[in-house]
Protein chains: 2
Amino acid sequence: MSQSRNEVFRSLADPTRRAIFERLCRDGAQSVSTITAQAAISQPAVSKHLRILKGSGLVQGTIHGRETLYRADVAALAPLQNWVREMTGFWDEKFDKLEDLLKRMDR
Amino acid sequence: MSQSRNEVFRSLADPTRRAIFERLCRDGAQSVSTITAQAAISQPAVSKHLRILKGSGLVQGTIHGRETLYRADVAALAPLQNWVREMTGFWDEKFDKLEDLLKRMDR
DNA sequence: GACATCAATAGCCATTCGGTTATATGAATT
DNA sequence: AATTCATATAACCGAATGGCTATTGATGTC
């Protein structure tokens with residue numbers, strides 16, 4: 001389930017977490033040990049990051065036997081994308097207003 | 001000048017900072033005291049946040065007499081937007097590969 | 001020139017964060 | 001059943017974060 005915009009932003013603030021998410025996007029689902037092997041940090045640290053990513057909906061884990069496969073959920077990036085759109089939208093509105101003003105000053 | 005992707009992500013991780021940036025996007029340039037009046041935190045705290053936002057290129061300040069006007073620079077959101085595009089791009093590629101695989105399995 | 005106002009900086013504090021090692025839990029392997 | 005492997009959790013630690021008050025520096029205003 002998708003979580004709050006705030007949690008998504010917080011999750012992606014850490015470069016290690018972004019790197020893990022990137023890898024899952026690029027290479028598809030991976031086990032914790034596979035992720036750990038490329039992460040230069042300990043397995044518990046990876047598990048912690050995955051927990052946070054999961055909490056913000058960016059990642060989902062499914063248990064297969066004794067290993068858990070984590071996959072990225074790009075749909076969880078929507079709040080972020082919408083926020084960016086909103087911000088640039090505000091800017092465009094201001095630009096339109098400025099255009100209107102200039103038009104009004106013209107006559 | 002636009003800064004690293006990392007700094008943009010870090011800057012936007014804090015909700016107070018996002019709120020300030022949002023306000024500057026929505027209402028245009030504002031002085032530090034005006035921002036402080038609506039922020040529920042002290043003026044030094046606001047200044048600190050503005051410094052960080054400035055460091056990541058999200059905001060620019062221009063001195064006018066004894067007050068400084070800060071304005072949002074939405075162009076600085078580009079790294080974030082590009083990153084999101086990249087991530088969803090990876091996902092699409094995987095989807096394409098899956099389609100190819102299914103096609104190959106078909107014959 | 002004295003005084004008020006605006007913003008930035010310094011110094012301090014509590015909390016959060018990202019990492020570690022040690023341990024627990026649970027599934028495969030022997 | 002004993003052991004090994006995969007992951008999660010607990011407990012801890014140092015560094016970074018976000019807030020505060022007090023102060024400084026600089027610009028208007030009287």
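By convention in this document, chain letters (A, B, ...) are assigned in the order of the sequence lines, proteins followed by strands, and residues within each chain are numbered from 1.
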* Asked: Less than 4.5 Å apart, any side-chain heavy atom of H64(B) and any of S31(B)?
  -> no

* **Interatomic distance, E67(A) CD vs dT7(D) P [rounded to whole Å]** => 5 Å

* Please determine if a side-chain N or O atom of S33(A) lies less than 4.0 Å away from the OP1 or OP2 oxygen of dT7(D). => yes

* **Length of the line joining Q30(B):CD and dA7(C):C1', which is rounded to integer Å** => 15 Å

* To do: Check whether any side-chain heavy atom of L58(B) lies under 4.5 Å from a side-chain heavy atom of E7(B), and answer yes or no.
  => no

* Residues R5(A) and E86(A) bridged, charged N to O under 4.0 Å -> yes

* Structure fact -> Only residue of S11(B), P79(B), S4(B) satisfying side-chain contact (heavy atoms from CB on, under 4.5 Å) with S56(B) is S11(B)

* R17(A) side chain N/O closer than 4.0 Å to the phosphate oxygens (OP1, OP2) of dG18(C)? -> yes

* What is the distance from CG of L69(A) to P of dA27(C), rounded to the nearest Å? -> 16 Å

* To do: Could you state the atom-to-atom distance from CG of L12(B) to P of dG18(D) in whole Å?
  => 12 Å

* Can you check the I20(A) CD1 to dG18(C) P distance for me, whole Å? -> 11 Å

* Rounded to the Å, how far apart are R18(A) CZ and dC17(C) P? -> 16 Å

* **Residue mapping more 5' on DNA chain C - nearest nucleotide basis, R66(A) or A13(A)** => A13(A)

* To do: Please state how far atom NZ in K54(B) lies from atom P in dA7(C), giving the value in whole angstrom units.
  => 13 Å

* Could you check how far CD1 of I63(A) sits from C1' of dA6(D), rounded to whole Å? => 11 Å

* Assess whether side chain to side chain donor-acceptor pair (under 3.5 Å) is satisfied between Q43(A) and S47(A), documenting all intermediate values. => CA-CA 6 Å; Q43(A) 173 265 312; S47(A) 281; 3.1 Å; yes

* Taking the side chain as C-beta and beyond, is there a heavy-atom pair between R23(B) and Q38(B) under 4.5 Å? -> yes

* Given dA7(C), dA28(C), dG19(D), which nucleotide is nearest the side-chain atoms of T16(B)? -> dG19(D)

* **Interface residues of residues 36-52 of chain B with DNA chain C (non-hydrogen, below 4.0 angstrom)** => Q43(B), P44(B), S47(B), R51(B)

* Asked: Closer than 4.0 Å, any side-chain N/O of Y70(A) to the OP1 or OP2 of dA8(D)?
  -> yes

* Asked: W83(A) vs F21(B) aromatic rings, parallel, tilted or perpendicular, using cut-offs 30° and 60°?
  -> tilted

